[in-house]
K.L.:
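Shown below is the structure under consideration.
Not measured: the values here are computed from a predicted model. A, B, ... follow the sequence lines: proteins, then strands. Residue 1 opens every chain.
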Amino acid sequence: MSQKAYNHAEIEKKWQRKWAEDGTFTTPEIPGAKKSYILDMFPYPSGEGLHVGHPKGYIATDVVARMKRMQGYDVLHPMGWDAFGLPAENFAIKNKIHPRIAVEKNIARFKEQLQNIGFSYDWNREINTTDPEYYKWTQWIFLQLYKKGLAYESFEPINWCPSCQTGLANEDLDQGKCERCGSVVEKRPMRQWMLKITDYAEQLLSGLETLEWPKSIIESQRNWIGKSEGAEIGFKVEFKKEGTRPGLIPVFTTRPDTLFGVTYLVLSPEHLWVQLATDDNHDVLENKDEVRAYVKAASEKTEIDRTDATKEKTGVQLQGVWAVNPANREKIPMYVADYVLSHYGTGAIMAVPAHDERDFEFAKKYNLPVKKVVDEKNILIDSGEFNGLDSEEAKEKITEKFGTKKTNYKLRNWVFSRQRYWGEPIPIIHCDVCGIVPVPEDQLPVVLPEVEYYAPTGTGESPLAEITEWVNTTCPTCGKLAKRETNTMPQWAGSSWYYLRYIDPKNSEQLVDSQKEKAWMPVDIYVGGAEHATRHLIYARFWHIVLHELGVISTPEPFIHLEHVGLILAEDGRKMSKRYGNVVNPDDIVHSVGADILRVYEMFMGPFNQTVAWSTASMSGPRKFIERVWRLAHESIEQDHMDSEDVLYAINKTIKKVTEDTLAFRFNTAISALMECLNIFEKEKAVSKDSLEKFILLLSPYAPHVCEELWEQLGHESGISKVNWPAWDENYLTQQNVTIPVQVNGKVRGEVSFIRDSSQQEIETLARAHENVAKYLAEMQVKKIIYIPNKLINFIW
RNA sequence: GCCCGGGUGGCGGAAUGGUAUACGCGAAGGACUUAAAAUCCUUUGCCAGCAAUGGCUUGCGGGUUCGAGUCCCGCCUCGGGCACCA
């Protein structure tokens, strides 16, 4: 082959154009016998553009997708945009352009940046969550949830960000502050749509066992769901004031075995009983004003204060009432305290200061009795008929006698509405006569109207509420005047099902054609950041399970295999951010050294799921590597050359290693193996065309442009992505000559070489003959010889 | 506090219980060049030694084993997640 300088810019443009023109990566509608659905978490197209950290995961999936295609799989490898949500709206408000226009511009920018890197996406399947043809189906899913009784309105107090002037789900908070603007969040009652994800807690939990996910993410989800098993026990409440009928307050506990140690009861400030007891119609409390004041103060506390475990516990006794411990009939005081949460369990607890740290702290402060009922050996004491029982056994027995078994989950229902413009309208109509009426499916999508002002109104209502011509409509049931729901969906909505849309992106008749769905689902490999461990990944699973129950889709879980991509930090060790001025734009790297080098470098940096700092200087390694491959292909190739044993061993070993490591997401060691193989090749005067071609095939998923170019220069007409992935030959994987260390008492004293699988006798003789080894052996008597065939020999005395 | 990961040269990192430091970066020396860049060759964990070679070394302390970065016990430390969840 004639020598030609390596010009990355020219080569990369050439092949990117060719792939697009030839439709190289167009995916079949229905895959053949072998399919692989390889998916990236789609990006949110921000105004800042991509930095070099974003494509790391995309490079990985692209490498795997390219390899799988060469292995004969039909691969679905698409890309799209998650473009609704607060950031787009805030960006638009700040820059005074319509969010739709801003999003269009951002997408164009992102797409160009991605295309410069040479990804093998099938762009015919590009999707955008803000496209009415897309969100038609997001709304359709909402209607199915509503019809199944899983969507409901609620007036519970919500988190209110005074700066964004909008309601936030708990998931949008960061330590009690607004995730977007950092303002301290207040509580404010607001009408919201909720989704009953808690109905699926058990399925979300048990489904985890079927998934090949990183342990840490499984663990996070378990934590988030927070299952705990215990008992619900009713406590009778009695009043000092005569003539008042006693009541019953149920509590949830995981320690029913400590029932005899209960010395007081605590209600959360929001507990219904507290509300009733302090209202104007009741007069059972002797210190009603004090309790009222406490409840009010608690409601004004920020989420941070309420949930800060380090702060001192506070509470107020409810004077004039007491509870009765069902186990020993003792009268115990009742308190209201904000360390008890209204949304967990029953919003009331039985306090056992001897066996619960929080209760102990509280008891100490208010001088309440501490009664120990379980000893160091976990045996019950001072517990009447249950004395002497092991605590596990006592849990069963006490529950049986005084309460009922109960399972509780930390998981809370999903606040599914935002008082915002830039989101999917919730397809609901409010009619004075018929109440809540879902928009008929044939009227979907409910299109987001064009508006002049999309900034928050400040009243807390969505800006949509001000567009009367849109809000006013007729009731689909009775035909009378009615109003549209003005809340929109959260950003999580569009991303909770997008993987289904890629399968059938243009379908306007149904969510997804079931034949196509059966053929492509589930997603075989899903890659994204660990920050989505609990939100996106749990919401998407929730919707998927429901759609599966409805028979819309065939699989019980959406994502079988999940890999999480480690962050790329800036060179200074901080996160890449405009704020720090440390952002590296992939376009600059592509321009200066090329997309192939960017790809190889990002895969070579370190373990895929680990955080690493960017180093522009270190990119010279991959650059030199690619240039050496280029030179080798032009200078050292000989058509009919007979390769040495070393070369045959190297290439076969490398095929095995690259194949296995790439599939296992160990890209860094796959590339190391290619480098080692190249080092062996370079030691030879010449390498056969066959070995070199195998090498180029192995490298091609990582550095597709340069490999396509070399492949063409080597005289091949069909593109490299259509070529079969090379197979290794086991016969070449063992070398004839082996060299092993000789140890004396576990210390290496020399090495010996011999023909593989020589007898232990022969090796022992060889080893004893070794000068340095002999020196040590002469002074001692060998007691024992450890010989690991073809690995090591160790003389012990 | 609880739950997950990590801790190996100057740096990123590699190692089914079997020669620790592969691969790459950086550094030093040399070749080519008028010179520089690029490229190529050599060296590069630490200590001693001209060398052969010897000693030490995977966060710390113990243990199991012929043999431990790897397994077990107890700590220290960094990163991430969850957190008054009864």
K.L.:
Would you classify Ser620(A) as touching base, sugar-phosphate or nothing, given that sugar-phosphate means primed atoms plus P, OP1 and OP2, and contacts are heavy atoms under 4.0 Å?
P.N.:
sugar-phosphate
K.L.:
Just to be sure I understand the rule, does Lys791(A) reach a base, reach only the sugar-phosphate, or reach nothing, if contact means heavy atoms closer than 4.0 Å?
P.N.:
base
K.L.:
Can you figure out which of rG18(B), rG24(B), rG81(B) approaches the side chain of Ser220(A) most closely?
P.N.:
rG81(B)
K.L.:
Please determine whether a side-chain nitrogen of the Lys or Arg among Glu202(A) and Lys227(A) lies less than 4.0 Å from a carboxylate oxygen of the Asp or Glu.
P.N.:
yes
K.L.:
NA contact type, Asn772(A), heavy-atom cut-off 4.0 Å: base, sugar-phosphate, or nothing?
P.N.:
sugar-phosphate
K.L.:
At under 4.0 Å between heavy atoms, what does Asp356(A) touch on the DNA or RNA strands: base, sugar-phosphate, or nothing?
P.N.:
nothing
K.L.:
By the 4.0 Å heavy-atom rule, please label Glu751(A) as base, sugar-phosphate, or nothing.
P.N.:
base
K.L.:
Across the strands shown, which category fits Arg749(A) at heavy-atom distances under 4.0 angstrom: base, sugar-phosphate, nothing?
P.N.:
sugar-phosphate
K.L.:
In this structure, how many angstroms lie between the P atom of rG80(B) and the CG atom of Asn609(A), rounded?
P.N.:
15 Å
K.L.:
Scan Lys406(A) against the nucleic acid and name what it touches under 4.0 Å (heavy atoms): base, sugar-phosphate only, or nothing.
P.N.:
nothing
K.L.:
Establish, with yes or no, whether the OP1 or OP2 oxygen of rG81(B) is under 4.0 angstrom from a side-chain nitrogen or oxygen of Thr534(A).
P.N.:
no
K.L.:
Where each residue is assigned the nucleotide of RNA chain B containing its nearest heavy atom, which of Ser672(A) and Glu219(A) is assigned the position nearer the 5′ end?
P.N.:
Glu219(A)
K.L.:
Using the closest heavy atom to pick a nucleotide of RNA chain B for each, name whichever of Ala673(A) or Pro607(A) lands nearer the 5' end.
P.N.:
Pro607(A)
K.L.:
Between the side-chain atoms of Lys313(A) and the base atoms of rC84(B), is any donor-acceptor pair under 3.5 Å?
P.N.:
yes
K.L.:
Relative to Tyr344(A), does Lys410(A) satisfy both conditions: NZ or CZ under 6.0 angstrom from the six-membered ring centre, and within 45 degrees of the ring's axis?
P.N.:
no
K.L.:
Can you confirm if the aromatic rings of Phe625(A) and Phe604(A) lie within a centre distance of less than 6.0 Å?
P.N.:
no
K.L.:
At 4.0 Å (heavy atoms only), tell me whether Val251(A) reaches a base, stays on the sugar-phosphate, or touches nothing.
P.N.:
nothing
K.L.:
Test of understanding: with side chain to side chain contact (heavy atoms under 4.5 Å, CB included), list the residues that count as partners of Glu751(A), not counting sequence neighbours.
P.N.:
Thr739(A)
K.L.:
With Gln221(A), which of Leu204(A), Leu208(A), Leu205(A) fulfils side chain to side chain contact (heavy atoms under 4.5 Å, CB included)?
P.N.:
Leu208(A)
K.L.:
Separation of Arg412(A) atom CZ from rA83(B) atom C1', in whole Å?
P.N.:
12 Å
K.L.:
At under 4.0 Å between heavy atoms, what does Lys783(A) touch on the DNA or RNA strands: base, sugar-phosphate, or nothing?
P.N.:
nothing
K.L.:
Does rU58(B) have a Watson-Crick or wobble mate here (both distances under 3.5 Å), and if so which one?
P.N.:
none
K.L.:
Using only side-chain N and O atoms of Gln610(A), determine if any of them is under 4.0 Å from OP1 or OP2 of rG79(B).
P.N.:
no
K.L.:
Need one value for Tyr601(A): base, sugar-phosphate or nothing, where a base atom within 4.0 Å counts as base even if backbone is also close, heavy atoms only.
P.N.:
nothing
K.L.:
Base, sugar-phosphate, or nothing for Asp359(A), non-hydrogen atoms under 4.0 angstrom?
P.N.:
nothing
